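First up is the structure itself, then whatever we jot down about it.
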Amino acid sequence: MKYPASELVLDSHGNVYHLGISPEHLAQHVLLVGDQNRVAAVSAFFDEITHQSEHREFVCHTGFYKGKHITALSTGIGTDNIDIVVNELDALVNIDLKERTNKVQITSLNLIRIGTCGILQADIDVHSYLLSTHAVGIDNVAHFYPVSFTDCEKSLAKALNSFVGFPEEITPYCSESSGKLLKQFSGAHTHEGITVTSSGFYAPQGRSLRLGTRTSEVNEKLEAFSFEGHRVINFEMESSALFALGKALGHQCITICLGIANRPRMEFSKGYEKEMNDLIHYVLNRI
């Protein structure tokens with residue numbers, strides 16, 4: 001199959017359209033961060049930077065850390081951006097961009113999201129590290145793809161929806177993180193559990209300002225939910241699409257977040273630059 005120009009969209013330099021990079025700019029280990037400024041915080045630890053680029057909200061730095069080839073890439077906020085990022089990263093390694101055909105040999109990337117999140121358990125302190133075993137999406141991105149979910153993933157999504165009672169228009173889906181990467185990044189500093197990925201920051205996460213919300217008790221219900229020994233530990237806005245699309249394309253995906261708000265305790269960080277740099281250093285040393 002040869003992909004037409006309208007489907008595999010490239011810029012005038014032959015780079016993937018949104019990320020603005022070519023295959024030679026990409027390492028196998030990709031650290032995904034939401035904030036554009038966080039890319040420089042990652043590459044500040046590199047021993048050598050071999051590539052730097054910026055296109056729209058997608059800032060990319062590639063280099064070496066203790067002999068490991070690593071790319072730091074900003075995604076912006078939300079699963080809609082993750083849809084772009086995962087598809088274009090996969091195209092960079094698994095599609096011949098000149099011939100516009102699939103490569104015979106499939107390359108698997110390690111896609112490691114370093115983010116911030118809201119904590120949903122009262123016993124987890126602000127600035128803790130939260131490592132996602134599963135991501136339950138209350139967005140719709142994965143429903144547009146022929147993703148095969150396991151029986152366990154389907155059961156978890158169904159049980160969570162039944163327990164919480166999301167608005168009837170929402171159909172949650174669930175995808176596990178990479179077991180390999182989960183072991184790699186698990187440690188004494190991490191809290192492991194289910195991540196819920198919302199399609200917005202305010203009403204979808206139970207926040208009520210002038211317009212109000214249809215999910216006013218969602219946080220309390222998520223805090224009380226458990227499934228086969230897993231509890232819901234945090235809310236964020238990217239991991240469901242990352243796990244579902246990444247896994248379907250053959251990539252290893254994980255999310256580790258710095259908790260900057262504890263929703264049950266109504267606490268918010270007074271500043272987390274040092275703690276985020278510590279988390280980045282932790283992740284780099286585990287690669």
Side-chain angles (χ1 to χ4, degrees), residues 16 19 21 23 25-34 39 42 60-75 79 81-95 102-115 117 129-137 141-142 145-150 152-153 156 173-187 189-195 197 230 233-234 236-257 279-287:
V16 288
L19 302 187
I21 58 176
H25 302 146
L26 185 65
Q28 183 183 12
H29 305 288
V30 185
L31 302 188
L32 302 174
V33 298
V39 173
V42 175
C60 179
H61 292 184
T62 296
F64 290 90
Y65 177 77
K66 295 184 178 180
K68 296 289 186 178
H69 198 205
I70 298 170
T71 292
L73 176 70
S74 61
T75 65
T79 54
N81 276 20
I82 292 296
D83 173 72
I84 290 171
V85 169
V86 172
N87 277 287
E88 293 194 2
L89 288 177
D90 181 74
L92 285 167
V93 293
N94 290 318
I95 296 176
N102 290 338
K103 294 180 179 179
V104 175
Q105 185 70 35
I106 297 300
T107 296
S108 178
L109 298 171
N110 292 325
L111 304 179
I112 304 153
R113 166 168 149 69
I114 303 175
C117 70
Y129 299 172
L130 291 89
L131 189 61
S132 306
T133 60
H134 305 73
V136 175
V141 168
Y145 293 89
V147 175
S148 296
F149 297 105
T150 67
C152 181
E153 290 170 339
L156 198 165
Y173 63 93
C174 173
S175 186
E176 284 187 276
S177 63
S178 163
K180 172 189 171 184
L181 294 182
L182 188 65
K183 291 179 181 177
Q184 187 171 342
F185 292 101
S186 178
H189 296 292
T190 60
H191 298 266
E192 299 171 20
I194 302 165
T195 291
T197 299
H230 299 282
I233 57 172
N234 60 336
E236 52 83 86
M237 297 178 62
E238 287 81 27
S239 294
S240 58
L242 173 63
F243 292 3
L245 274 58
K247 186 166 67 169
L249 288 165
H251 305 294
Q252 302 291 316
C253 304
I254 195 72
T255 289
I256 185 166
C257 282
L279 174 57
I280 291 168
H281 200 207
Y282 174 86
V283 170
L284 287 170
N285 283 328
R286 293 265 171 163
I287 292 178

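No experiment lies behind these values; they were computed from the predicted model shown. Positions are given from 1, in the same order as the sequence printed here.
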Would you say that [X] contacts [Y] through its side chain, given a criterion of any heavy-atom pair below 4.5 Å between the two side chains?
| X | Y | result |
| --- | --- | --- |
| N94 | L249 | no |
| L131 | S186 | yes |
| I82 | L245 | no |

Hey, could you give me the [atom1]/[atom2] distance between [X] and [Y], rounded to the nearest 0.5 Å?
| X | Y | atom1 | atom2 | value |
| --- | --- | --- | --- | --- |
| T197 | Y173 | OG1 | OH | 7.0 Å |
| K247 | F149 | NZ | CZ | 8.0 Å |
| S239 | L32 | OG | CG | 10.0 Å |
| L156 | S175 | CG | OG | 11.0 Å |
| Q252 | H29 | CD | NE2 | 11.5 Å |
| M237 | N81 | CE | CG | 9.5 Å |

Give a yes or no answer on whether the side chain of [X] reaches the backbone of [Y] with a donor-acceptor pair at less than 3.5 Å.
| X | Y | value |
| --- | --- | --- |
| S178 | L181 | yes |
| H251 | L109 | yes |
| T71 | A27 | yes |
| E153 | E176 | yes |
| N285 | H281 | yes |
| T62 | H25 | yes |
| R113 | C253 | no |

**Study point:** side chain to side chain contact (heavy atoms under 4.5 Å, CB included) evaluation trace for I280 with L284
**Key:** CA-CA 6 Å; I280 291 168; L284 287 170; 3.9 Å; yes
Could you tell me which non-hydrogen atom of [X] sits nearest to which non-hydrogen atom of [Y], and how far apart they are?
| X | Y | result |
| --- | --- | --- |
| L279 | G115 | CD2-O, 4.4 Å |
| A241 | V141 | CB-CG1, 4.0 Å |
| I194 | T133 | N-OG1, 3.8 Å |
| S108 | G250 | OG-O, 2.7 Å |
| A72 | V42 | CB-CG1, 3.7 Å |
| T79 | S240 | CG2-OG, 3.8 Å |

Check your understanding: Do I287 and Y65 pass the side chain to side chain contact (heavy atoms under 4.5 Å, CB included) test, and can you show the C-alpha distance, the side-chain angles, and the key distance before you say yes or no?
Key -> CA-CA 9 Å; I287 292 178; Y65 177 77; over 6 Å; no
Exercise for review: Give the intermediate values and the outcome of side chain to side chain contact (heavy atoms under 4.5 Å, CB included) for residues T195 and F243.
Suggested key: CA-CA 11 Å; T195 291; F243 292 3; over 6 Å; no
Point to revise | Side-chain donor-acceptor pair present, E238, T75, cut-off under 3.5 Å | key: no
Practice item. Could you walk me through whether L89 and L26 pass the side chain to side chain contact (heavy atoms under 4.5 Å, CB included) test, one step at a time? Key: CA-CA 8 Å; L89 288 177; L26 185 65; 3.7 Å; yes
Check your understanding: What residues form a ring pair (Phe, Tyr, Trp, His ring centres under 6.0 Å) with H134, not counting sequence neighbours?
Key -> H230
